[in-house]
*Asks:* 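Mind looking over this structure? Questions follow.
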Amino acid sequence: MKDFKNVHLIKNPLIEHKLTIMRMKETSEKDFRENLEEISMLMTCEVAKNFDTREIEIETPIKKCTAKILDEKNFVIVPILRAGLGMSVGVLKMLPKASVGHIGLYRDEKTFKPVEYYSKMPPNLPQKILIVTDPMLATGGSCVAALEMLKEKGAKKIFLMNLLAAPIGIETVATAHPDVEIYTTAIDEGLNERAYIVPGLGDAGDRIFGTL
Ligand code: PRP
Ligand code: URA
């Protein structure tokens, strides 16, 4: 796969361990959701290396000092429904004052093209830092469509968090949106004839919500 400046593959033994549990077909829905949430928290730490802090005056039990904070309200977490919800829970735990926008997309089973069915965003998107979540980057169609939709609404600074990606999905999104920083924890072999990631972990939405 070509190297893209805006693609970041997070390498971390703890994330690899949790992802292995998620891949296993015998993993329960509860364990699947919990590991996804925990990995999302760890991924947020990586993405957060890009964020600017500002200094405030505080007083510890020992003395006054300056200390750094993030303006949490500047952040908008955007899960792509449904499976993105499973990641947004972890991101929101790390940035509890962020607002949350939702984009509803599903992949048509025959064409694999994304179909939009819902969108609700908080105001002032051009001034916000967006963190878009979707665990699966397969053909890339869903993420490309979601990012286009957000840019049409004025979004300027966007980070994309995908648990798992196929090379074609990464290439498609990285090429279509070179200004979006893409974070993933694994790039798998490819796609099967149903456009599922191989070896992947199956249908993320179904495994999160028990709709298998
Ligand atoms: C899955 C997944 C992504 C999309 C990835 O959603 O959560 O949104 O497929 O595929 P792509 O990169 O080829 O577009 P799905 O359509 O299964 O909907 P769901 O999350 O509601 O189950
Ligand atoms: N959507 C999923 O949930 N899994 C895949 O492997 C591809 C798309």
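Numbering of residues begins at 1 and proceeds along the displayed sequence. This structure is a prediction, so every number in the text was calculated from the model and none was measured. Every number for a ligand or one of its atoms is a count from 1 in the order of the listing.
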*Asks:* What I want to know is whether Pro135 and ligand 1 share at least one N or O pair that is separated by under 3.5 angstrom.
*Replies:*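 No; the residue has no nitrogen or oxygen that sits under 3.5 Å from a nitrogen or oxygen of the ligand.
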*Asks:* Indicate whether the side chain of Tyr183 and that of Asn50 have a donor and an acceptor atom separated by less than 3.5 Å.
*Replies:*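 Result is yes, a qualifying pair exists.
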*Asks:* Can you pull out the closest protein heavy atom to atom 5 (C) of ligand 1? Residue, atom name and distance to 0.1 Å, please.
*Replies:*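 Atom 5 (C) of ligand 1 sits closest to the protein heavy atom Met136 O, 3.3 Å.
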*Asks:* Verify the cluster assignment for Leu125 and Ile158: are they in a single hydrophobic cluster under the rule of side-chain heavy atoms below 4.5 Å apart?
*Replies:*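 Result: yes, single cluster for both.
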*Asks:* Side chains of Glu181 and His8: do they bring a donor and an acceptor to under 3.5 Å?
*Replies:*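 Judged by distance alone, the side chains do pair up.
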*Asks:* To which protein heavy atom is atom 16 (O) of ligand 1 closest, and what is the distance rounded to 0.1 Å?
*Replies:* Arg107 N, 2.7 Å
*Asks:* Pick, from Gly140, Ala195, Ser142, the option with the minimum heavy-atom distance to atom 12 (O) of ligand 1.
*Replies:*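 Nearest option to atom 12 (O) of ligand 1, by heavy atoms: Gly140.
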*Asks:* Working to the nearest 0.5 Å, report the span between CG of Leu70 and CG of Leu95.
*Replies:*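 Reported to 0.5 Å precision, the distance equals 7.0 Å.
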*Asks:* How far is atom 17 (O) of ligand 1 from its nearest protein heavy atom, and which residue and atom is that?
*Replies:* Asp203 OD2, 4.1 Å
*Asks:* Starting from the C-alpha separation in whole Å, work towards a yes-or-no answer on side-chain contact (heavy atoms from CB on, under 4.5 Å) for Ile69 and Arg54.
*Replies:* CA-CA 6 Å; Ile69 57 159; Arg54 73 182 163 85; 3.6 Å; yes
*Asks:* Is the closest side-chain heavy-atom distance between Met136 and Asn162 below 4.5 Å?
*Replies:*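 Side-chain contact under 4.5 Å: no.
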*Asks:* As an exercise, state the distance from CE of Met43 to CG of Leu163, rounded to the nearest 0.5 Å.
*Replies:* 6.5 Å
*Asks:* Return the CG to CZ distance between Asp203 and Arg207, rounded to the nearest 0.5 Å.
*Replies:* 9.5 Å
*Asks:* Starting from atom 22 (O) of ligand 1, locate the nearest protein heavy atom and write down its residue, its atom name and how far away it is, to 0.1 Å.
*Replies:* Arg82 NH2, 2.9 Å
*Asks:* I'd like to check whether Tyr117 has a polar contact with ligand 1, where a contact means an N/O of the residue lying under 3.5 Å from an N/O of the ligand.
*Replies:*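 In this structure, Tyr117 places no N or O atom under 3.5 Å from an N or O of ligand 1.
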*Asks:* Compute the shortest N/O to N/O distance between Asp206 and ligand 1 and return yes if it is under 3.5 Å, no if not.
*Replies:*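 No, Asp206 has no N/O under 3.5 Å of an N/O on ligand 1.
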*Asks:* For Phe32 and Phe209, I'd like to know if the aromatic rings sit close, meaning centre-to-centre distance below 6.0 Å.
*Replies:*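 For Phe32 and Phe209, the ring centres are not under 6.0 Å apart.
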*Asks:* State plainly whether one hydrophobic cluster holds both Leu42 and Val47, where clusters connect Ile, Leu, Val, Met, Phe, Trp and Tyr through side-chain heavy atoms under 4.5 angstrom apart.
*Replies:* yes
*Asks:* Are Tyr106 and ligand 1 in contact, using a heavy-atom cut-off of under 4.0 Å?
*Replies:*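 Yes, Tyr106 has heavy atoms under 4.0 Å from ligand 1.
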*Asks:* Heavy-atom contact under 4.0 Å between Arg207 and ligand 2?
*Replies:*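 In this structure, Arg207 fails to qualify as a contact of ligand 2 - no heavy atom is under 4.0 Å.
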*Asks:* N/O to N/O below 3.5 Å, does that happen between Ala138 and ligand 1?
*Replies:*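 Yes, since at least one N or O of Ala138 sits under 3.5 Å from an N or O of ligand 1.
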*Asks:* Can you tell me the protein heavy atom closest to atom 8 (O) of ligand 1 and the distance?
*Replies:*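 Here the closest protein heavy atom is Asp134 OD2, 2.5 Å.
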*Asks:* Got a protein heavy atom sitting under 4.0 Å from atom 1 (C) of ligand 1?
*Replies:*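 No, no protein heavy atom sits under 4.0 Å from atom 1 (C) of ligand 1.
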*Asks:* Could you check atom 4 (N) of ligand 2 against the protein and tell me its nearest heavy-atom contact, residue, atom and distance included?
*Replies:*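 Closest protein heavy atom to atom 4 (N) of ligand 2: Gly202 O, 2.8 Å.
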*Asks:* Using the test salt bridge (Lys or Arg N to Asp or Glu O under 4.0 Å), find all partners of Glu37 that sit at least two apart in sequence or belong to another chain.
*Replies:* Lys93
*Asks:* So which protein heavy atom does atom 3 (O) of ligand 2 come closest to, and at what separation?
*Replies:* Ala204 N, 2.8 Å
*Asks:* Quick one: nearest non-hydrogen protein atom to atom 5 (C) of ligand 2, plus distance?
*Replies:* Tyr196 CD2, 3.4 Å
*Asks:* What protein heavy atom sits nearest atom 6 (O) of ligand 2, and how far away is it?
*Replies:*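 Among all protein heavy atoms, the one nearest atom 6 (O) of ligand 2 is Ile197 N, 2.8 Å.
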*Asks:* Would you say Ala195 contacts ligand 2, with heavy atoms under 4.0 Å as the rule?
*Replies:*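 Per 4.0 Å heavy-atom rule, Ala195 contacts ligand 2.
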